[in-house]
Amino acid sequence: KKKSKGGKGNVQQTDPPSIPVCELYPNGTFPEGQIMEYEQDFNTFRTTSEEMRERDRLEINVYNDIRQAAEVHRQVRQHMQKVIKPGIKLIDMCETLEGLSRKLINENGLQASIAFPTGCSLNYVAAHYTPNSGDNTVLSYDDVMKIDFGTQINGRIIDSAFTVAFNPMFDPLLEASKDATNTGIKEAGIDVRLCDVGEAIQEVMESYEVEINGKTHQVKSIRNLTGHSIAPYQIHAGKSVPIVKGGEATKMEEGEFFAIETFGSTGKGYIREDLECSHYMKDFYAGHVPLRLPRAKQLLGVIDRNFGTLAFCRRFLDRLGETKYLMALKNLCDSGIITPYPPLCDNKGSYVAQYEHTILLRPTCKEVLSRGDDY
C-alpha cells in the first residue's frame with residue numbers, strides 16, 4: 001500500500017512497514033537528507049571548491065550508513081503518526097515503535113539497532129521518560145507528548161523528535177518549537193559559534209505565545225536543555241548547542257554531526273530531575289572498574305554485549321530475560337560505570353513541546369539527515 005521511493009529495486013514497503021530498508025535500496029545507496037547551502041559568507045566557497053568535493057567523496061560510506069538510519073527513522077515515525085491516538089497505552093505504543101525500528105533497521109547486534117529508548121514524555125516532563133514495565137499510562141486528548149527515538153548503523157546515530165498533541169489549543173506551542181528548531185538548523189554551520197545558534201533559537205521561540213484554558217503564556221526556551229554533537233556510539237559527544245543566549249563561543253567544525261533540538265515551555269523554562277528512572281547509559285569513558293557483586297558483573301556483561309555505550313531502559317533488560325536486576329543496576333550506577341538519566345521536568349501543570357533533527361556539517365554543504373515530509 002505504501003509508496004516507497006525504492007532505489008533501483010522494485011520492492012515496495014508494506015503497510016504497516018515490515019521490509020528492512022536495506023532491501024528497499026538493493027544498490028546500497030540510501031536517499032540523501034535535505035541539502036542546505038551554508039548561510040555564512042565565509043563558507044560560500046565550499047559549494048564549488050573541488051577540494052571540498054573530494055573530501056566529501058571520501059566520506060561516502062559514513063554518509064550511506066547514517067542515511068540508512070535516517071530512512072528507517074522516517075518510515076517508522078510516518079507509520080506511528082497514523083496509529084498514535086488518544087486511548088493508546090504508552091507501553092504498547094513504545095513496543096510497537098521499537099518493533100518496527102528493529103525490523104526496518106534489520107537489527108544486528110551493535111552494527112544496526114535502536115540507538116536509545118523511545119522517549120514519550122508527557123506535558124510538563126520534557127525528556128527521558130519511557131514507561132517501565134507495569135506503567136499503564138494511557139495517552140489522552142489533552143496531552144502534549146514528545147516522541148524522541150533513535151536509530152543507528154555502525155554507530156552512526158540519528159536522533160530526531162517531534163511532538164504530538166490532539167487539542168488544537170496547543171498548536172502555537174508546537175509551532176514555536178518547530179520554528180525554533182528550523183532556525184537553529186538554518187543558523188548552524190562550519191565555524192559558527194554555538195552561542196550564536198542559541199541566541200537565534202531563543203529569539204524565535206520566545207516570539208510565540210499560546211493561550212491555554214484562557215491564560216496566555218509566552219513560550220520559553222528551556223534554558224538548561226541543549227542540542228548536542230554526536231559521535232560514533234556516543235549520543236552526547238561533548239559540544240552543547242544552547243537554546244538561549246549567553247552560551248559558550250566554541251565553534252562548530254567540519255565533519256561534525258549535531259542534534260539540533262529545542263524545547264518550548266509554558267512553565268519556568270527550567271528543568272530538574274524527577275520521577276522514576278527508566279533511562280541508563282554506560283559512561284563512554286568508563287575504564288575497567290573492579291566489581292564485587294557477581295550479579296553486577298554479570299549484568300554489566302549483558303549491557304556491554306547488547307548496548308555497549310548506547311542508552312538503554314529497563315524494558316530493554318526485561319526483553320533480554322533479565323529479572324531482579326535493580327540492585328545490580330544500582331551498584332553499577334554507584335560505581336560510576338552506568339549513569340542513570342531520570343525524567344527531566346519543568347513545573348507541574350506546564351506543557352513542553354520539542355522538535356529535533358540530526359544534521360551533518362559536510363565540507364560542501366549542510367545535510368539535514370532526518371528531514372521528512374512530516375517535519
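Not measured: the values here are computed from a predicted model.
A side-chain donor-acceptor contact under 3.5 Å links Glu206 to the backbone of Ser221.
When every heavy atom of Gln13 is checked against every heavy atom of Ser18, the shortest pair comes out as OE1-N, 3.1 Å.
Salt-bridge check for Arg53 with Asp56: failed, with every basic side-chain N at 4.0 Å or more from each acidic carboxylate O. Using a 4.0 Å cut-off between charged side-chain N and carboxylate O, Arg314 and Asp318 make no salt bridge. The pair Lys245-Glu199 does not count as a salt bridge, with every side-chain nitrogen at least 4.0 angstrom from each carboxylate oxygen. By the 4.0 Å N-to-carboxylate-O rule, Arg362 lies too far from Glu256 to be salt-bridged with it. One finds a salt bridge joining Arg55 and Glu254 here, because a Lys/Arg side-chain nitrogen approaches an Asp/Glu carboxylate oxygen to under 4.0 Å.
Put simply, OH on Tyr208 and CG on Asp171 are 11.5 Å apart, with the number rounded to the nearest 0.5 Å.
In this structure, Leu361 is not a member of the same hydrophobic cluster as Leu369, with clusters built from ILVMFWY side-chain heavy atoms closer than 4.5 Å. Connection of Leu225 to Phe162 is not established within any shared hydrophobic cluster, with ILVMFWY side chains joined at heavy-atom distances below 4.5 Å, either directly or through further cluster members. Both Met252 and Val368 are members of a single hydrophobic cluster when ILVMFWY side chains are connected at heavy-atom separations under 4.5 Å.
Using modelled atom types, one finds a donor on one side chain and an acceptor on the other under 3.5 Å when comparing Thr181 with Thr262. Side chain to side chain, Thr137 and Asp135 meet the donor-acceptor criterion of an N or O pair below 3.5 Å. Remark: the Asn347 side chain and the Tyr124 side chain contain no N/O donor-acceptor pair separated by less than 3.5 Å. Defined by atom type and a distance below 3.5 Å, a donor-acceptor pair is missing between the side-chain atoms of Ser101 and Thr151. One side chain, Thr118 or Glu98, offers a donor N or O that lies under 3.5 Å from an acceptor on the other. The closest side-chain donor-acceptor pair between Arg371 and Asn182 falls under 3.5 angstrom. Between the side chains of Asn108 and Gln111, at least one donor-acceptor pair of N or O atoms lies under 3.5 Å. Judged purely by distance below 3.5 Å, without hydrogens or angles, the side chains of Asp41 and Thr44 never pair a donor atom with an acceptor atom. With hydrogens and angles left out, the side-chain atoms of Tyr355 and Ser160 include no donor and acceptor closer than 3.5 Å. Checked by atom type, the side-chain pair His357/Glu261 shows no donor-acceptor distance below 3.5 Å. Side-chain contact annotation: Gln234 with Tyr285, donor-acceptor N/O pair under 3.5 Å present. A donor-acceptor contact under 3.5 angstrom links the side chains of Glu248 and Thr250, judged on distance only. Residues Arg67 and Asn64 have side chains that never bring a donor and an acceptor to within less than 3.5 angstrom of each other. In the model, Asn43 has no side-chain atom that pairs as donor or acceptor with a side-chain atom of Asp191 under 3.5 Å.
Within the 6.0 Å centre-distance limit, the rings of Phe149 and His73 are counted as a close aromatic pair. The ring of Tyr280 has its center no closer than 6.0 angstrom to the ring center of Tyr341. Aromatic pair Phe30/Tyr25: ring centres closer than 6.0 Å.
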Please output the side-chain donor-acceptor pairs of residues 263-275 that fall under 3.5 Å, not counting sequence neighbours, one pair per line with the distance.
{"from": "Ser265", "atom 1": "OG", "to": "Gly267", "atom 2": "N", "distance (Å)": "2.8"}
{"from": "Ser265", "atom 1": "OG", "to": "Asp346", "atom 2": "OD2", "distance (Å)": "2.6"}
{"from": "Thr266", "atom 1": "OG1", "to": "Tyr351", "atom 2": "N", "distance (Å)": "2.9"}

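Residues Ile222 and Val352 have side chains in contact (heavy-atom distance under 4.5 Å, counting atoms from C-beta outward). Side-chain atoms of Ile88 and Thr96, non-hydrogen and from C-beta on, never get closer than 4.5 Å to each other. Residues Ile359 and Glu367 are not in side-chain contact: their nearest non-hydrogen atoms beyond the backbone lie 4.5 Å or more apart.
Within 6.0 Å of CD in Gln81 there are more than 12 heavy atoms belonging to other residues, nucleotides or ligands. Counting non-hydrogen atoms of other residues, nucleotides and ligands closer than 6.0 Å to CD of Glu37 gives a total of 12 or fewer.
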